[in-house]
2 protein chains.
Amino acid sequence: MTDLQPVFRALGDPTRRDILRMLGDSPMTIAQVSDNFDMTRAAVKKHLVVLSDGGLIHVEKRGREAVNTLNAAALRPVFDWIGTFDRFWDTRLDALKSAIEKDAANDTGYDTGYDTGKSND
Amino acid sequence: MTDLQPVFRALGDPTRRDILRMLGDSPMTIAQVSDNFDMTRAAVKKHLVVLSDGGLIHVEKRGREAVNTLNAAALRPVFDWIGTFDRFWDTRLDALKSAIEKDAANDTGYDTGYDTGKSND
DNA sequence: TCTATAGAGTACCATTTGGTATCATGTCAA
DNA sequence: TTGACATGATACCAAATGGTACTCTATAGA
């Protein structure tokens with residue numbers, strides 16, 4: 001259901017993964033993020049757009065600034081996708097996955113789009 | 001420690017993710033894999049090389065054939081990386097991650113390269 | 001041995017991607 | 001109001017990417 005491609009694409013670049021790490025510490029403006037990289041603000045901005053396309057960050061305009069906030073929940077579908085391989089890997093993952101899905105359904109209404117292990121992208 | 005980039009890169013393409021799915025059912029030769037796609041064998045072969053670079057598949061030459069086998073263990077570092085964001089997501093992930101890491105250290109000697117949550121790529 | 005077949009390797013092409021440079025717009029603050 | 005500043009938008013460039021076509025090598029089998 002959820003389109004995984006924009007998320008996987010966003011995660012495919014090391015700069016963008018670094019940005020996610022930084023935003024994990026606290027929300028940042030574009031200027032603050034780009035201070036941490038040896039590239040122009042415009043380049044950083046492009047990465048932020050890709051991250052936003054993948055739903056991994058949320059951008060809020062505050063006056064003349066744009067505050068970028070991590071949305072780690074968007075990593076869930078990736079986790080679920082990886083989880084479909086758990087039978088080759090570690091069976092305990094399966095138990096955890098079910099638990100989280102069940103919980104999500106009850107508590108947050110989050111729909112993983114994951115059901116019987118069939119393709120979802 | 002482990003270089004995540006080749007794995008994330010390999011996962012960034014939908015065709016390659018589909019190939020992983022197929023190889024999850026059973027090992028396949030290049031011809032068998034490409035029978036499932038509307039593209040040339042050469043193109044599929046390129047994808048298989050990228051998957052191999054990421055360690056996600058293992059290629060074994062058998063006579064004039066090349067059998068491609070899924071290596072789902074290479075997904076572990078990605079899982080670990082996502083796990084470093086679990087405090088924003090679901091705290092129970094943390095418990096699972098520790099359990100698996102502990103188990104991996106004891107049973108398989110697998111080193112996640114994950115320690116205190118500091119950057120690892 | 002001969003031939004069809006599986007795959008490797010290479011050259012080439014169009015598109016996407018990561019990046020810079022430049023200019024436009026909106027807002028804070030004196 | 002006016003100037004400095006944060007961001008947005010666009011044009012442009014080089015390199016990487018996804019793909020095809022074609023050639024070459026090696027092996028399975030009649």
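Each chain gets a letter, A, B and so on, in the order the sequences are listed, and its residues count up from 1.
Atom NZ in B:Lys61 sits about 14 Å away from atom C1' in C:dT5, given to the nearest Å. Across the protein-nucleic acid pair, B:Glu65 atom CD and D:dA26 atom P stand 17 Å apart, rounded to whole Å. When the P atom of C:dT17 is taken as reference, atom CG of A:Asp53 falls 11 Å away, rounded to whole Å. Distance B:Asp13 CG to C:dT17 P: 11 Å, rounded to the nearest Å. Between the P atom of D:dG18 and the CD1 atom of B:Ile19 lies a distance of 11 Å, rounded to the nearest Å.
To the nearest 0.5 angstrom, B:Asp80 atom CG is 5.5 Å from B:Arg76 atom CZ. Residue B:Leu48 holds its CG atom at 11.0 Å from OG1 of B:Thr15, rounded to the nearest 0.5 Å. Rounding to the nearest 0.5 angstrom, the gap separating the CG atom in B:Leu51 from the CZ atom in B:Arg16 is 6.5 Å. Rounding to the nearest 0.5 Å places CG of A:Leu23 at 6.5 Å from CD1 of A:Ile57. Within the model, atoms CG of B:Asn36 and CG of B:Asp18 stand 9.5 Å from one another, a figure rounded to the nearest 0.5 Å.
Panel note: side chain A:Asn71, backbone A:Leu56; no donor-acceptor pair is recorded below 3.5 Å.
Phosphate proximity of C:dA6 to B:Arg62: absent, as no side-chain N or O sits under 4.0 Å from OP1 or OP2. Checking the phosphate oxygens (OP1, OP2) of C:dG18, a side-chain nitrogen or oxygen of A:Arg16 falls inside 4.0 Å. Distances shown here put every side-chain N or O of B:Thr15 at or beyond 4.0 Å from the OP1 or OP2 atom of D:dG18.
Looking at A:Arg62 and A:Thr29, their side chains never bring a donor and an acceptor atom within 3.5 Å of each other.
Note on B:Leu70 and B:Val50: separate hydrophobic clusters, where clusters join Ile, Leu, Val, Met, Phe, Trp and Tyr whose side-chain heavy atoms are under 4.5 Å apart, directly or indirectly.
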Test log, rule side chain to side chain contact (heavy atoms under 4.5 Å, CB included), inputs A:Arg9 and B:Phe8: CA-CA 9 Å; A:Arg9 190 211 155 190; B:Phe8 271 113; over 6 Å; no
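One donor-acceptor pair, N or O on each side, does fall under 3.5 Å between the base of C:dT5 and the side chain of B:Arg64.
Each end of the helix from C:dT1-D:dA30 to C:dA30-D:dT1 yields a helix axis from five base pairs, and these two axes differ in direction by 30° (to the nearest 10 degrees).
Shown for residues 31-51 of chain A: residues whose heavy atoms fall under 4.0 angstrom of DNA chain C, namely A:Met39, A:Thr40, A:Ala42, A:Ala43, A:Lys46, A:His47.
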